[in-house]
Amino acid sequence: MSAAIRIGVAGAPGRMGAAVAGVIAEREGVAPAARFGRPGASEKDLAGCDVIVDFSTGAASAALATRAAANGGPALVIGSTGFTASEEAAIRAACAKIAIVKSGNFSIGVTILAGLVEQAARGLGRRDWDIEIVEAHHRLKRDAPSGTALMLARAAAEGRGEALDDIAVRGREGTAGPRREGEIGFSVLRAGGIVGEHAVVFAAEDEILTLSHSARDRRLFARGAVEAAVWVAGRSPGLYDMMDVLGLRD
């Protein structure tokens with residue numbers, strides 16, 4: 001019988017950290033290892049894990065990735081969002097030394113949705129079809145748009161062969177003027193205990209296509225992250241996402 005995969009949890013005091021710890025405790029083939037929040041992992045924590053699942057902050061995840069790379073491990077599963085450009089660069093640098101699965105969303109349904117959005121955007125031309133991303137989360141979420149909204153918008157942009165940063169509109173206020181052809185807009189709601197609602201709207205003059213996903217329990221993200229941890233353990237260095245984990249990459 002193979003040894004259980006030792007999984008640590010970064011951001012353990014948070015709600016997602018607690019959900020991940022709960023899934024680890026229930027799943028066969030894995031074993032709980034270190035759990036930590038601030039100030040972060042010790043050398044003992046790093047050495048005692050095969051993989052660390054991290055739902056903390058962009059800054060904390062980038063710092064953890066840099067340390068793990070310097071130590072030659074462990075592998076990481078990163079579900080944090082709200083990264084700066086320098087934090088993204090630090091994670092890209094780390095993946096030359098260690099295996100990292102990074103995703104704005106670890107839901108199987110959302111991963112499939114992103115593929116559908118890319119396909120739809122490829123077939124629905126920018127001249128006739130506008131794209132808007134609508135997302136809603138609980139009142140305590142810090143970043144906006146959400147990592148999932150950005151993931152879906154990036155899929156739409158890639159479907160049209162464009163860079164999201166060139167066509168994204170993060171908010172509209174006042175006399176914004178007519179909508180520019182090809183732009184991708186975001187609408188954000190923060191209220192109550194909403195776990196996660198996302199919709200990608202393709203709108204033409206005489207018809208509307210909406211692709212959407214509703215999360216009912218944050219444990220679904222924890223389950224996906226733990227499956228990603230099982231998948232990435234022992235992998236070669238590189239930056240992976242849930243399309244890789246699910247075997248959906250072309």
Side-chain angles (χ1 to χ4, degrees), residues 4-37 40-41 45-83 87-88 90-111 114 143 146-148 150-151 196 215 218-249:
I5 297 169
R6 300 170 300 167
I7 303 178
V9 181
R15 290 192 287 182
M16 275 306 304
V20 170
V23 171
I24 292 169
E26 297 170 357
R27 191 194 188 284
E28 294 183 359
V30 302
R35 296 180 62 184
F36 54 89
D45 291 333
L46 294 179
C49 298
D50 298 310
V51 186
I52 293 176
V53 177
D54 181 4
F55 284 89
S56 56
T57 65
S61 294
L64 177 61
T66 299
R67 289 189 61 204
N71 280 271
L76 300 178
V77 172
I78 298 177
S80 307
T81 57
F83 291 93
E87 290 160 359
E88 292 277 11
I91 290 171
R92 286 194 298 272
C95 73
K97 300 284 186 65
I98 60 172
I100 299 175
V101 177
K102 179 176 177 289
S103 180
N105 193 298
F106 284 89
S107 157
I108 293 173
V110 166
T111 303
D143 57 309
S146 69
T148 304
L150 292 170
M151 170 182 165
R218 62 178 41 84
R219 282 176 62 87
L220 75 90
F221 307 122
R223 286 192 293 271
V226 171
E227 292 309 310
V230 172
W231 181 89
V232 80
R235 294 271 169 181
S236 300
L239 185 59
Y240 304 97
D241 61 20
M242 281 298 284
M243 295 288 281
D244 298 303
V245 173
L246 297 177
L248 300 176
R249 183 72 63 210

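- Between Val101 and Val51, the closest side-chain pair of non-hydrogen atoms is not below 4.5 Å.
- Here Arg15 contributes atom CZ and Arg218 contributes atom CZ; the two are 4.0 Å apart, rounded to the nearest 0.5 Å.
- Contact check for Arg27 versus Val230: side-chain heavy atoms found under the 4.5 Å cut-off.
- Put simply, the side chain of Glu26 reaches to within 4.5 Å of the side chain of Arg219, judged on heavy atoms.
- Shown here for Ala99 and Tyr240, the closest heavy-atom pair between the two residues is CB-CE1, 4.0 Å.
- For Asp241 and Ser103, the side-chain atoms include no donor-acceptor pair closer than 3.5 Å.
- Residues Ile91 and Ala65 come closest through the heavy atom pair CG1-CB, 4.2 Å.
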Self-check item: Step-by-step side-chain contact (heavy atoms from CB on, under 4.5 Å) determination, Val20 to Val77
Solution: CA-CA 11 Å; Val20 170; Val77 172; over 6 Å; no
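- Across Phe221 and Ala215, no two heavy atoms sit closer than the pair CZ-CB, 3.5 Å.
- Residues Ile78 and Ile100 form a side-chain contact, since some pair of their non-hydrogen atoms from C-beta on lies under 4.5 Å apart.
- Between Val30 and Ile24, the shortest heavy-atom contact is CG2-O, 3.5 Å.
- Checked for salt-bridge contact, Lys102 and Glu88 meet the test: a charged N lies under 4.0 Å from a carboxylate O.
- At a threshold of 4.0 Å, the pair Glu87-Arg92 does not count as salt-bridged, since none of the basic side-chain nitrogens sits closer than that to a carboxylate oxygen.
- Remark: side-chain polar atoms of Ser80 are paired, donor with acceptor, to backbone N or O of Ser56 under 3.5 angstrom.
- Note on residues 49-66: pairs passing salt bridge (charged side-chain N to carboxylate O under 4.0 Å, His left out), not counting sequence neighbours, are Arg6-Asp50.
- Atoms CD1 and CG, on Ile98 and Asn71 in that order, are 9.5 Å from each other to the nearest 0.5 Å.
- When every heavy atom of Ile7 is checked against every heavy atom of Ala229, the shortest pair comes out as CD1-CB, 3.8 Å.
- In this structure, Asn105 contributes its side chain and Ser107 its backbone to a donor-acceptor pair below 3.5 Å.
- Across all non-hydrogen atoms, the minimal contact from Asp244 to Trp231 is O-CZ2, 3.7 Å.
- A heavy-atom distance below 4.5 Å is not found between the side chains of Leu150 and Phe83.
- Interatomic distance, Arg223 CZ to Glu227 CD, rounded to the nearest 0.5 Å: 9.5 Å.
- Note on residues 65-80: pairs passing salt bridge (charged side-chain N to carboxylate O under 4.0 Å, His left out), not counting sequence neighbours, are Glu43-Arg67.
- Counting heavy atoms from C-beta on, the side chains of Leu220 and Ile108 never come closer than 4.5 Å.
- When side chains are defined from C-beta on, Val245 does not count as touching Phe106, because their heavy atoms never get closer than 4.5 Å.
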